[in-house]
Amino acid sequence: MDGFPILSLITFLPIVGLVIVLSLPKEKAQTVRITTLVITSIQVILAVILLANYNYGLAGINDPNSFQFVEKFRWIEIPGISWIGTIKIDYFLGVDGLSMPMVLLTALITFIATLSSWKIDKSVKGYFALFLLLDTAMMGVFVSLDFFLFYVFWELMLLPMYFLIGIWGGPRKEYAAIKFFIYTLVGSVFMLLVMIGLYFSTKEILPDGSSAYTFNMLAMMNPHNYVSTGILSPLNPSNLRFIAYIALFAGFAIKIPMFPFHTWLPDAHVEAPTPISVILAGVLLKMGTYGILRISFPIFPNITRELMWYIALFGMINIIYGALVALAQKDFKKLIAYSSVSHMGYVLLGMASLTSVGINGAVFQMFNHGTITAMLFLSVGVIYDRAHTRGIYEFGGLANQMPVYTGFVTVAFFAAIGLPSMSGFISEAMVFLGSFGTEVIRTLAIISTLGILLGAAYMLWTLQRIFFGKLNEKWANLPDLDLREYVMLVPLAIVVIFLGIYPSAMLNIMNTSVKHLVDFLAVNAHHISTTISAL
Amino acid sequence: MNLSQALSFVKPEIAVSITLVVLVLFDLIFHKDKRIIPYLAMAGIVVTGIILAANFNLTGTAFKTGGQYGMFTADPFANFVKMIVLIATFLIVLFAYDSDEINKITDRLGEYYALIFGMVLGMFFLISASDLILIYLSMELLSLSSYVLAGFTKLRDRNSEAALKYLIYGAISSGLMLFGISLVYGMTGTTNLFEINSLIQTPDINLYTFAFAMILIFAGIGYKISAVPFHYWTPDVYEGAPITITAYLSVASKAAGFALLIRFLRVGFATYVDKAGNWQVLDLFDWQTFLIIISVLTMTLGNFAALWQDNLKRMLAYSSIAHAGYMLLGVLVFSDKGVTAVLFYFFVYLIMNLGAFYVVMLIANKTGSEDIDDYDGLGYTAPFLGVTLAIFLVSLTGLPPTAGFIGKFYLFIALLDAKMAVVAVIAVINSVVSLYYYIRVLKHMYLTKNDNAPVVPVSKLAFSIVLVLSTATLFFGIYFTPVSDWAKSAAVILGIG
């Protein structure tokens, strides 16, 4: 694979698709759909090729030499005049055990979402153009190792998402779209300031011996690169670095979404069309937790250690609060949206443990939540397409009417509850193993187990309300799944069950990196704390 | 220095004056065919541009009044801003081709272009002025030309209202400025900024009188850059004037005002520039705190007032007030880095703001209104204008991957380098607020259903202008090295220290 820019290809392939789609005449809706499907299929193939060539033994995280498929060259360089120093921004891509599962997830979910978009027939061309732009942005976030590049991809995602919800969404689409946009933008502008602050606090030693400020994330992680006079330097007696950590964390937390920043999520989900809900829950939410693991943790190890209890606390609130609110929902889609809030809480709890098991569980949970929630939202879409309603109480007894559909929904529900032999079980178990093992957050972990109980309650109750009991006569003519829906649901069900039986397939990918991250955090947190206390 | 040497510094100004005279003469001699006048104007701009580019690094002062320094300063900084003004002028001349408003006054086209060149001449001198008298004179030349242009078409009552409001506010602020200048002359005995710099470094200066004089002078400058609280004229004038003139005022005359402010501070108050490019500023008057307050007020008021506007021209007027607030951020850090950021921002703002105004003008040609409700569903019937307007507005918001993002990025870099985190936080919150009103236009264009949205025809010329501007907005958002190199090499201001 040496020298072949496979990451650029997988990231910018959708842009090629975008150009093709835009050059097609408006009437050729079917060609537009097929083009998008071909592009996303190639992305899946490329992701599989990446996986086949992936070296499980390399760690990544902070070590540029153990990242894989690296592409690095100078993107912007403004040579140094004495008074400004060199400004340099790299085009720097690479994957490690944290990003590899996310790349696989993004490719898979985008492919499935394309199929799910098949029935959209309002301005098809515009829809798929924005869809492909969103695809590039998501992939870009997961493979960038330069903060500036990461930020550009992060923001690039907002506009297509705004239009996809705002134009193709439900009755309150305008409100939902602008709410999503403003919430996320608030988070990301603070990220911008933190990014610039970190830039002025990091000086990388160049091969020729001179030093330059840099946006390279890996350089920001290395304590040797700190500029003591930098605005966000840990050696700076002001507490700005601490505030910056919280601002950055909040930026990511809005995306997760973490309580109390979660209110945009139910609105966005309820109004978004099914494929966009699938992408939102399947991929977008993961960006928040991915950003925390990729950026917040390794760049601020000592502050992370100080705040781990609070991160776990918010994880716990997410789990319990999300489950309780889900219990009260009458709208099927809203219920799934709140179950997402609850399930992302496990990710927070797992990573707050700062143990190898816990963070492995968290990353695994990110992947699993992506596949399981995608299945759940597709299921909502299936029933909504047929009945044009999502009210849980309007259904009942669908099990006899739509047996195959019921089967898939049951798989998804049980996976979400965390039934053994399903992927959700493994990751949740690991999250709890990790968090029980960490003294500081043990109490919070114990309270969080309530979430499993509540989860089972709202899921099983919903299953009962929709599928069992007496069939509402109104729905006596609902057909079961068609071929397209099979193609969407079968691969996800296979992944969910396969990873439930053989989780190592995924855990092996991330394990080396996660272990390295945990060691790196421990060593550096200690190192920085001693340096500060020595001052 | 003899006269010919001194004149070599003002070659671009001479070129502008010759164009101005040629335009007036041509208009007097050939009554019939006015169609050729825009070509003459463009030729004048191109020649001036070539002269500017050839003398880009020329540095020095001319027209000495006895001391070591003259009243006119040439340096790369001035040439950069003059270039911005020229590009804006060139685009405005092109815009006029497709402007219904301007095409209705073909018989007065000669005066229209002559007045525009009057403005250019005023701005050129303003950008280079290092003497309070020259500052005042060039400011008046600029203002008098713009007063007439604001009401030039006389097509609507709004035109005259705009011109009158502009004139009244302008007269008051230039009066205040003149009073401030006279106070400074009274205290120092000179009007030359270089000499003022050394003369005010004595304990004899009464600090209160001096502060009073500075605030009065800032009233004149603040009026030109529409900084709060001297912004009152902006929304009414921008709404009432022909769109080409509105666009021109929002970019060129604002850039000239900023150039004046920067030079005034750099030459008059900076005593020493260290190796990192940070200016040491005299502490007679706390310019930094003063400008922080003005900047925060300007961006906040501009953004919040824009939220409620239903007329797009008016909304863009408030947005341009907000952008003046952002640009002040680059001034108040008192460093070469800040000047680079402001210069970079000028360039980006030129592209995106003129682009936005032009698309609004093309749409108004068809619909006859700039009301936001008339944009309903327009994204589907005018796909090209819709997408490009979206690009310009996203760039004005400052989202990647557009040039507007890079502009803001540079300003924040300068700000955080000066360790002003709190101001930076206020600025980013402001840019979130601005998202709401920019995106509102997109909402009307794309999210609101309207089966009767008009089809907007786009001429070949208009198509290419919009295409070039929108491509540049995206291109410089992804690859901005050439512009930032240029801006950085131009952050050289002739001054003391």
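Given the structure is predicted, the values throughout are model-derived calculations rather than measurements. Reminder, nothing fancy here: chain letters follow the sequence lines and each chain counts from 1.
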J.: Does CZ in B:Phe384 sit with more than 12 non-hydrogen atoms of other residues, nucleotides or ligands closer than 6.0 Å?
T.: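 Enclosed: over 12 neighbouring heavy atoms sit under 6.0 Å from CZ of B:Phe384.
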
J.: CZ of B:Phe304: more than 12 outside heavy atoms within 6.0 angstrom?
T.: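 No, not enclosed.
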
J.: If I compare all heavy atoms of A:Leu156 with all of B:Pro401, which pair ends up nearest, and what's the gap?
T.: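 Heavy atoms only, the tightest pair is CD1-CD, 3.5 Å.
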
J.: Need one label for B:Val394: side chain, backbone, both or neither, based on atoms under 4.5 Å from any heavy atom in chain A.
T.: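 Only the side chain of B:Val394 comes within 4.5 Å of chain A.
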
J.: Less than 4.5 Å apart, side chain to side chain, heavy atoms only: is that true for B:Phe405 and A:Tyr151?
T.: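 With C-beta onward as the side chain, the pair touches.
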
J.: Supply the atom-to-atom distance A:Ile178 CD1 to B:Leu435 CG, rounded to the nearest 0.5 angstrom.
T.: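 That separation rounds to 5.5 Å.
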
J.: How far does CD of A:Glu174 sit from CD1 of B:Ile439, to the nearest 0.5 angstrom?
T.: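 Separation between the atoms: 12.0 Å.
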
J.: Give, as side chain, backbone, both or neither, the part of A:Ser188 having an atom under 4.5 angstrom from any heavy atom of chain B.
T.: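 For A:Ser188, no heavy atom lies under 4.5 Å from chain B.
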
J.: Answer yes or no: does atom NZ of A:Lys122 have more than 12 heavy-atom neighbours from other residues, nucleotides or ligands under 6.0 Å?
T.: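 Check passes, neighbour count above 12.
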
J.: What part of A:Leu159 is in contact with chain B, defined as an atom under 4.5 angstrom from a non-hydrogen atom: side chain, backbone, both or neither?
T.: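 When you check distances to chain B, only side chain atoms of A:Leu159 fall under 4.5 Å.
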
J.: Have a look at B:Tyr446 and tell me which of A:Phe163, A:Tyr162, A:Trp168, A:Tyr127 forms a ring pair (Phe, Tyr, Trp, His ring centres under 6.0 Å) with it.
T.: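 Testing each of A:Phe163, A:Tyr162, A:Trp168, A:Tyr127 against B:Tyr446, the sole residue satisfying ring pair (Phe, Tyr, Trp, His ring centres under 6.0 Å) is A:Phe163.
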
J.: Please round to the nearest 0.5 Å and tell me the distance separating atom CE of A:Met195 and atom CZ of B:Phe409.
T.: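 Reported value, rounded in 0.5 Å steps: 5.0 Å.
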
J.: Less than 4.5 Å apart, any side-chain heavy atom of A:Val189 and any of B:Ile429?
T.: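 A side-chain contact is absent here, since even the closest heavy-atom pair is not under 4.5 Å.
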
J.: What distance separates B:Ile413 CD1 from A:Leu193 CG, expressed to the nearest 0.5 Å?
T.: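 Here the interatomic distance stands at 11.0 Å.
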
J.: Tell me, for B:Ile478 versus chain A, whether the close heavy atoms (under 4.5 Å) come from the side chain, the backbone, both or neither.
T.: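 Both the backbone and the side chain of B:Ile478 come within 4.5 Å of chain A.
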
J.: Might you confirm whether atom OH of B:Tyr436 has over 12 heavy atoms from other residues, nucleotides or ligands at distances under 6.0 Å?
T.: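 Not more than 12 within 6.0 Å, no.
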
J.: So, taking the atom named CG in B:Leu399 and the one named CZ in A:Phe181, what distance separates them when rounded to the nearest 0.5 Å?
T.: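 Going from the CG atom of B:Leu399 to the CZ atom of A:Phe181 covers 5.0 Å.
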
